Undergrad: 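Okay, handing you the structure first.
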Amino acid sequence: MIRIRFAAEDFARVRFAARPSPVPELNAAFMMMFGGGDELLFGRWRRRVTRSLPDAVTPLADLVPAGDPPLFLDVLGETLTEGLDLVEAARPELVRSELERVYGARPSPQWIRELHAGGTGARRVLRRAQRAAFETVVAPVWPLVQDLHRAEFTRYALTVAEHGVGTALPLLVPGTRLREGAWEWATPGAAGTAGTREITLAGRGLVLLPTFHWTGRPLVQDLPDRPVVVTYAAGPGLPLTPDVAPGTDESLATVLGRTRLELLRALTDAHTTTTLARRLGVSNATASAHASALRGAGLITTARAGRAVEHRRTALGALLVGDGG
């Protein structure tokens, strides 16, 4: 459980990031690339983007030996240069302590040891790696990220105007709740108070930052003497593709495959495997395999109906194809 405690005056210090922030968006993209899960929706995107990464990006893998990145990468900045400057200017004691935390007793590469020692050459290596990663992964879809951010900003402004900040927070981020002056949500593996991370704002302020490459629970940046930053998943919940608007048939077909998308669209009513196969012009075995993949992604359910099985769209599947009815 993560619990962010508000005093009454802290609600007046909640603000929405006016623009998307390049470095956090890059961090979110890398978490989706290497975090696994959502294979049906993100598998093709992961493989395509991973193949395109230049050698200059390799040092970034050294920073997350166990999948847990160091906190000095958590910066804002409205431009890529501003964000990279903030990473490069991180306090030496923070860099040392975070590298020691993520590496523990593991042996580290030479450039990581130089970064730990405060070497300017190692900081330049990191800067080049981050810039190369951004240009490869995020820059091609950055105009789309900007459009999605503006839409999310509008949603936030309207929600606050109608409901107020306190009520808007859980409405903005599903799965969270405001209870007894605390904004809270569950985290994997956390049970009871022993698994609770308590954060007190104490007048520092809170920044809401949507990200459009992340689909997991909200991420929290809590550093001394800085506003607390909550990065939350927004947007279509699909890989972003250059020049393709999210949620269109073209983008969905790129993610799911054309036949799976046709199957999902066909399920306005329940269908058996046989009727789906006939409608799609494929074999029963092929229809069954596609249905199994969609079921694994939570987009359809399957239940026995006599000697046959029937497939139905879930609410998530209906939402994905733009049918909320």
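These numbers come from a predicted model, not from an experiment. Basis for what follows: all heavy atoms, side chains included, without hydrogens, waters or symmetry-related copies. Start at 1 with the first residue, then count along the sequence.
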Undergrad: With the threshold set at 4.0 Å, does a side-chain nitrogen-carboxylate oxygen contact exist between Glu198 and Arg3?
TA: yes

Undergrad: What verdict does the side chain to side chain donor-acceptor pair (under 3.5 Å) test give for Tyr232 and Glu152, after you've listed the backbone C-alpha separation in whole Å, the side-chain angles of each residue and the deciding distance to 0.1 Å?
TA: CA-CA 11 Å; Tyr232 69 94; Glu152 185 68 7; 2.7 Å; yes

Undergrad: I'd like to know if the side chain of Arg113 reaches the main chain of Ser108, judged simply by a donor and an acceptor atom lying under 3.5 Å from each other, with no hydrogens or angles considered.
TA: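 Such a contact is found between Arg113 side chain and Ser108 backbone.
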
Undergrad: For Glu100, give me all partners under salt bridge (charged side-chain N to carboxylate O under 4.0 Å, His left out), at least two apart in sequence or on another chain.
TA: none

Undergrad: Can you list every pair that meets ring pair (Phe, Tyr, Trp, His ring centres under 6.0 Å) and has a residue in residues 106-147, with sequence neighbours left out?
TA: Phe134-Trp142

Undergrad: Fit a plane to each ring of Phe212 and His149, take the angle between them on a 0 to 90° scale, and name the class: parallel (under 30°), tilted (30 to 60°) or perpendicular (over 60°).
TA: perpendicular

Undergrad: Would you please test Thr176 and Trp183 for side chain to side chain donor-acceptor pair (under 3.5 Å) and show each step?
TA: CA-CA 7 Å; Thr176 69; Trp183 189 24; 2.9 Å; yes

Undergrad: Tell me which pairs pass salt bridge (charged side-chain N to carboxylate O under 4.0 Å, His left out) where either residue lies in residues 133-147, with sequence neighbours left out.
TA: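 Found Asp147-Arg150.
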
Undergrad: Could you work out, with side chain to side chain contact (heavy atoms under 4.5 Å, CB included) as the rule, every residue matching Arg51, not counting sequence neighbours?
TA: Arg47, Arg48

Undergrad: Just checking, is any N or O donor in the side chain of Thr159 or His163 under 3.5 Å from an acceptor N or O on the other one?
TA: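 On atom types as modelled, these side chains do not qualify, holding no pair under 3.5 Å.
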
Undergrad: Write down the atom of Leu73, the atom of Val87, and the distance for their closest heavy-atom approach.
TA: CD2-CG1, 4.1 Å

Undergrad: Under 3.5 Å, which donor-acceptor pairs link side chains of residues 222-229 to any protein atom two or more places apart or in another chain?
TA:
{"residue": "Asp222", "atom": "OD1", "partner": "Arg204", "partner atom": "NH1", "Å": "2.7"}
{"residue": "Asp222", "atom": "OD1", "partner": "Arg204", "partner atom": "NH2", "Å": "3.0"}

Undergrad: Begin from the C-alpha positions of Thr211 and Glu25 and carry the test side chain to side chain donor-acceptor pair (under 3.5 Å) through to its verdict.
TA: CA-CA 6 Å; Thr211 176; Glu25 197 67 40; 3.0 Å; yes

Undergrad: Compute whether any side-chain donor of one residue and acceptor of the other, for Thr302 and His311, lie under 3.5 angstrom apart.
TA: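 There is such a pair between these side chains.
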
Undergrad: State which residues pass side-chain hydrogen bond (donor to acceptor under 3.5 Å, both in side chains) with Arg15; sequence neighbours excluded, sorted by chain then number.
TA: none

Undergrad: Yes or no on side-chain contact (heavy atoms from CB on, under 4.5 Å) for Leu276 and Leu267, after CA distance, side-chain angles and deciding distance?
TA: CA-CA 9 Å; Leu276 279 174; Leu267 290 176; 4.0 Å; yes

